[in-house]
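These notes are about the structure you will find just below.
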Amino acid sequence: MKRHLISAADLTRDDAVLILDTAEEMARFADRPIKKLPTLRGRTIVNLFFEDSTRTRISFEAAAKRLSADVINFSAKGSSVSKGESLKDTALTLEAMGADGVVIRHGDSGAPHRLATSGWIGGSVINAGDGTHEHPTQALLDAFTMRRRLVGEEGAALDGKRITIVGDILHSRVARSNVHLLSTLGAHVTLVAPPTLLPIGVDSWPCEVSYDLDAVLTKSDAVMMLRVQRERMNAAFFPTEREYARRYGLDGERMARMPEDAIVMHPGPMNRGMEITAEVADSPRCTAVEQVANGVSIRMAVMYLLLGGSEPALSRDDTARTEENN
């Protein structure tokens, strides 16, 4: 493992499988009465969030606390950032306070890379989403969920699995990270969106592109629906919401055409009635809530591997106690 996690494209196949396998070990603690490990005791993790977040921020906080780290939550609102403080000065402040790891979400693409390579901070940097660029831990938790549902075997990748990602690809950092990671793990990825919601240069990505959702549903092992990110749009990218839902929304009728064991995924938050209907969102085939739970295990694994050292995540005594509690 490298010192930072900035992009899913930086991960080799072995790196990705190691993170997924470590997350499986971390997940065993979720059912224990006491869910804490002493792995990062005495380490300080700062959650540096310049954008609004619910799932990601809480997930990283829970992951760090379960590893016994000291957690500092920083929100741009109500901080000196609102007075004009730069990213550099914020980083130097965190370095002076002895931060061992910084989890950063920023509205500008490239901010985590700048923080990791500038020399302003000595700790590890984890990208929790930067602009429309990447969101590597979301891709890891998505791959973890797919492996559990579709493969069910530790040490395995996603070779030959057919993954379809539908929706606002243009503004989606989740889509970019998933394309890189899933292709690294051996999956075949297809992007489905109207032409106006596909980025320039998508032809060079390691995936296929389709404009017809119905044509790819019948051969998909997993279908990931993406939210239309209205807050990032400054133009009309499709005629109406009803037209978009008719052509690119997933409803019960379309879900019925998917293979019997195929799953429906969504990184959240959902726009029910637009990219996904309530019937599909609440069905047993939808893994949205499962993805949130898996996110804590993945982020524990990432923090452990970046900050915790080379020892096994679970000692033999921990494993024995886990088996006794089960």
Side-chain angles (χ1 to χ4, degrees), residues 1-26 37 39-40 42-49 56 59-60 63-64 66-67 69 71 87-88 91-92 94-95 98-106 108-131 133-144 147 154-158 173-187 205-206 294-313:
M1 284 289 295
K2 299 178 176 66
R3 188 168 152 227
H4 309 292
L5 178 59
I6 306 301
S7 167
D10 295 336
L11 297 173
T12 65
R13 182 184 173 99
D14 288 342
D15 289 337
V17 172
L18 174 62
I19 294 172
L20 300 184
D21 289 345
T22 305
E24 286 286 359
E25 295 187 40
M26 297 301 180
L37 281 169
T39 313
L40 297 185
R43 303 291 186 95
T44 300
I45 305 292
V46 178
N47 288 328
L48 187 60
F49 277 64
T56 304
S59 181
F60 270 111
R66 288 186 187 181
L67 292 172
V71 181
L87 177 62
K88 177 179 180 179
L92 292 173
L94 299 178
E95 177 66 9
D100 297 292
V102 176
V103 177
I104 177 171
R105 166 168 286 192
H106 203 284
D108 295 333
S109 299
H113 180 267
R114 178 69 171 149
L115 192 62
T117 59
S118 62
W120 301 333
I121 197 162
S124 295
V125 176
I126 301 173
N127 182 2
D130 60 328
H133 177 228
E134 284 219 36
H135 193 349
T137 58
Q138 179 68 45
L140 283 162
L141 74 88
D142 291 339
F144 184 68
R147 192 176 77 162
E154 289 188 39
L158 293 170
R173 52 197 175 204
V174 174
R176 284 168 173 78
S177 288
N178 264 297
V179 167
H180 289 307
L181 182 66
L182 295 175
S183 61
T184 297
L185 290 171
W205 293 14
N294 290 341
V296 177
S297 299
I298 279 290
R299 285 157 181 145
M300 287 176 71
V302 168
M303 289 180 182
Y304 165 76
L305 291 168
L306 291 179
L307 299 169
S310 57
E311 294 299 316

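FYI, the numbering just counts along the sequence from 1.
- Panel note: side chain Asp130, backbone Gly110; a donor-acceptor pair is recorded below 3.5 Å.
- Smallest separation of non-hydrogen atoms from Met303 and Ile45: CE-CG2, 4.2 Å.
- Using a 4.5 Å heavy-atom cutoff, the side chains of Leu305 and Leu18 are in contact.
- Judged by the 6.0 Å and 45° rule, Arg105 forms no cation-pi pair with Phe49.
- For the atom pair CG (Leu181) and CG (Leu20), the distance works out to 7.0 Å, reported to the nearest 0.5 Å.
- Within the model, atoms CG of Asp14 and CD1 of Ile19 stand 11.5 Å from one another, a figure rounded to the nearest 0.5 Å.
- Minimum heavy-atom separation, Val102 to Ala99: CG2-CB, 4.3 Å.
- Using a 3.5 Å distance cut-off with no hydrogens or angles, the side chains of Thr12 and Asp15 do pair a donor with an acceptor.
- The minimum heavy-atom distance linking Leu185 with Ala157 is given by the pair O-CB, 3.3 Å.
- The OG atom of Ser177 lies 9.5 Å from the CG atom of Leu11; values are rounded to the nearest 0.5 Å.
- At a threshold of 4.5 Å between non-hydrogen side-chain atoms, the residues Thr22 and Ile298 do not count as touching.
- Using a distance-only test at 3.5 Å, with no hydrogens or angles considered, no donor-acceptor pair links the side chain of Asn127 to the main chain of Leu5.
- A 4.5 Å side-chain heavy-atom check between Asp10 and His4 finds every atom pair outside the cut-off.
- Remark: the backbone N or O of Val174 is not paired with any side-chain donor or acceptor of His135 at under 3.5 angstrom.
- Residues Ala301 and Ala23 come closest through the heavy atom pair CB-N, 3.6 Å.
- One finds the CE atom of Met300 at 10.5 Å from the CD atom of Glu25 (value rounded to the nearest 0.5 Å).
- Annotation for Arg13 and Gly186: closest pair NH1-N, 4.0 Å, computed over non-hydrogen atoms.
- Taking the side chain as every heavy atom from C-beta outward, Val103 and Thr137 never approach each other to under 4.5 Å.
- Looking only at distances, a side-chain donor or acceptor of Asp21 sits under 3.5 Å from a matching main-chain atom of Gly155.
- The distance from atom CG of Asn294 to atom CD of Glu24, rounded to the nearest 0.5 Å, is 8.0 Å.
- In this structure, Leu115 CG and Ile126 CD1 are separated by 11.5 Å, a value rounded to the nearest 0.5 Å.
- Contact between Gly131 and Ser109 at its shortest, heavy atoms only, is CA-OG, 3.7 Å.
- Between the side chain of Glu134 and the backbone N or O of Ile6 there is no donor-acceptor pair closer than 3.5 Å.
- No side-chain donor-acceptor contact under 3.5 Å links Arg147 to the backbone of Leu158.
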Carefully, step by step, assess Asp100 and Leu40 under the rule side-chain contact (heavy atoms from CB on, under 4.5 Å). CA-CA 10 Å; Asp100 297 292; Leu40 297 185; over 6 Å; no

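- In this structure a side-chain-to-backbone donor-acceptor pair under 3.5 Å is missing from Arg299 to Ser59.
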